[in-house]
There are 2 protein chains.
Amino acid sequence: MISQKSKYALRALLALARIAPGETMRIAAIAARETIPKKFLEQILLDLKRAGFVASRRGKHGGYLLLRSPEEIVFGDVLRLMEGPFVPLGCLSRGGNRPCTDCRDRALCAVRRVFAKVAAASDEILDGTTLSDLLADPKGGSAVASDASMGIARSISLVKM
Amino acid sequence: MISQKSKYALRALLALARIAPGETMRIAAIAARETIPKKFLEQILLDLKRAGFVASRRGKHGGYLLLRSPEEIVFGDVLRLMEGPFVPLGCLSRGGNRPCTDCRDRALCAVRRVFAKVAAASDEILDGTTLSDLLADPKGGSAVASDASMGIARSISLVKM
DNA sequence: GCATTTATCTACAAAATCTATAGACTATTA
DNA sequence: TAATAGTCTATAGATTTTGTAGATAAATGC
């Protein structure tokens, strides 16, 4: 389950993506517009700033602005910043293959292997979607085709183990 | 991130899948074999029992056994039992389309749409993997092909929105 | 310079969730 | 009827999440 913090971060970035390039938006304005607790949002924006997603200006006419263009702001990057590695198992940190501490036999590793697939499939979507995908087309979201019905998922190609 | 509880549940089921059909395995034995706190495992097994995955016998020579065959025990079902709906956003309960309470504008819905894809991709893997997949082939896990390298994910076909 | 505005920082607190433990109880078997 | 093994309810400790408080620092306009 994604945290409120991540959701707030994505919404704040989307709010900033909607203003004119070079302009700023105040924390209070973002908070009001997106229904986010202001003091909580402050911390989130600082995290986003330290990670280089946004910049800020102080004083009158201050506020926040995007530091990268919406095409360059990838969902997966934002989520990994806010949540730590977005993986279903602790031992599955991005690219890492270190065993879990309580992984004594093949059984757990088998479990791990399944969740590695889940993580890879999630990353594929999250790393293939940027802010601009959401701005451009309210129906779409990423380059991935989407025309099947809920229960009838068919195949995923090339999921890394 | 998957909970310890789910991991324990899957490991316990795998342990039961490895004994001869019709035989039982005691809680204490499962706990020792899989390094799971015994009293915690008790609760987990009760949940699994109420959901119809396992049955139990009391008294001497009692214990637990699988109620369904390993081919019929689907990862996704176990996880949804232990974790609630395995989706990245609260408003994405299985099949449901009810809006989030704080989903005021298109922006958040756009966020929601991306995570719907993630949920669908996860479900596809988790619902396509059974206990028997793990028992049969320690290298495999599900029917999904897996031969790409980590960073080079390519395409996912037919992810439901 | 001074007041105002706005972001920055550190610490803390309330709430929820996760993980696990305790202990009394019930059913089964020998 | 004693021993074994699952059942049930309550609770406690730890961690994480979510949010708040209050002081500080920088920029701007007058």
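Keep in mind that what you see is a predicted model, and the values were worked out from it rather than measured. Reminder, nothing fancy here: chain letters follow the sequence lines and each chain counts from 1.
With respect to B:K117 and B:E124, no salt bridge is recorded, no charged nitrogen being found less than 4.0 Å from a carboxylate O. Residues A:K7 and A:E83 are not paired through a salt bridge, judged by the lack of any N-O separation under 4.0 Å between the basic side chain and the carboxylate. Under a 4.0 Å N-O distance rule, the pair A:R80/A:D123 qualifies as a salt bridge.
Within the structure, every side-chain polar atom (N or O) of B:S56 is placed at least 4.0 Å from both OP1 and OP2 of D:dA5. Proximity of A:Y64 to the phosphate of C:dT6: no side-chain N or O atom is located under 4.0 Å from OP1 or OP2.
Not one N or O on the side chain of B:R26 forms a donor-acceptor pair closer than 3.5 Å with the backbone of B:A31.
Atoms CZ (B:F40) and P (D:dT11) sit 19 Å apart, rounded to a whole Å. Between A:I30 atom CD1 and C:dT6 atom C1' there is a gap of 12 Å when expressed in whole angstrom units. The interatomic distance linking A:M82 (CE) with D:dT17 (P) rounds to 11 Å, in whole Å. Between the CD1 atom of B:I27 and the P atom of D:dG6 there is a distance of 4 Å, given to the nearest Å.
A heavy-atom distance below 4.5 Å is not found between the side chains of A:L16 and A:L65.
No contact: B:K38 has no heavy atom under 4.0 Å from any strand.
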Please list, for nucleotides 8-10 of chain D, all pairs of protein and nucleotide N/O atoms separated by less than 3.5 Å.
{"from": "D:dC8", "atom 1": "OP2", "to": "B:R50", "atom 2": "NH2", "distance (Å)": "3.3"}
{"from": "D:dC8", "atom 1": "N4", "to": "B:E42", "atom 2": "OE1", "distance (Å)": "3.1"}

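Both A:K5 and A:H61 lie close to DNA chain D; mapped to their nearest nucleotides by heavy-atom distance, the more 5′-ward contact belongs to A:K5.
With sequence neighbours excluded, the residues forming a side-chain contact (heavy atoms from CB on, under 4.5 Å) with A:I27 are A:K38, A:L41, A:E42, A:L45, A:Y64, listed by chain and number.
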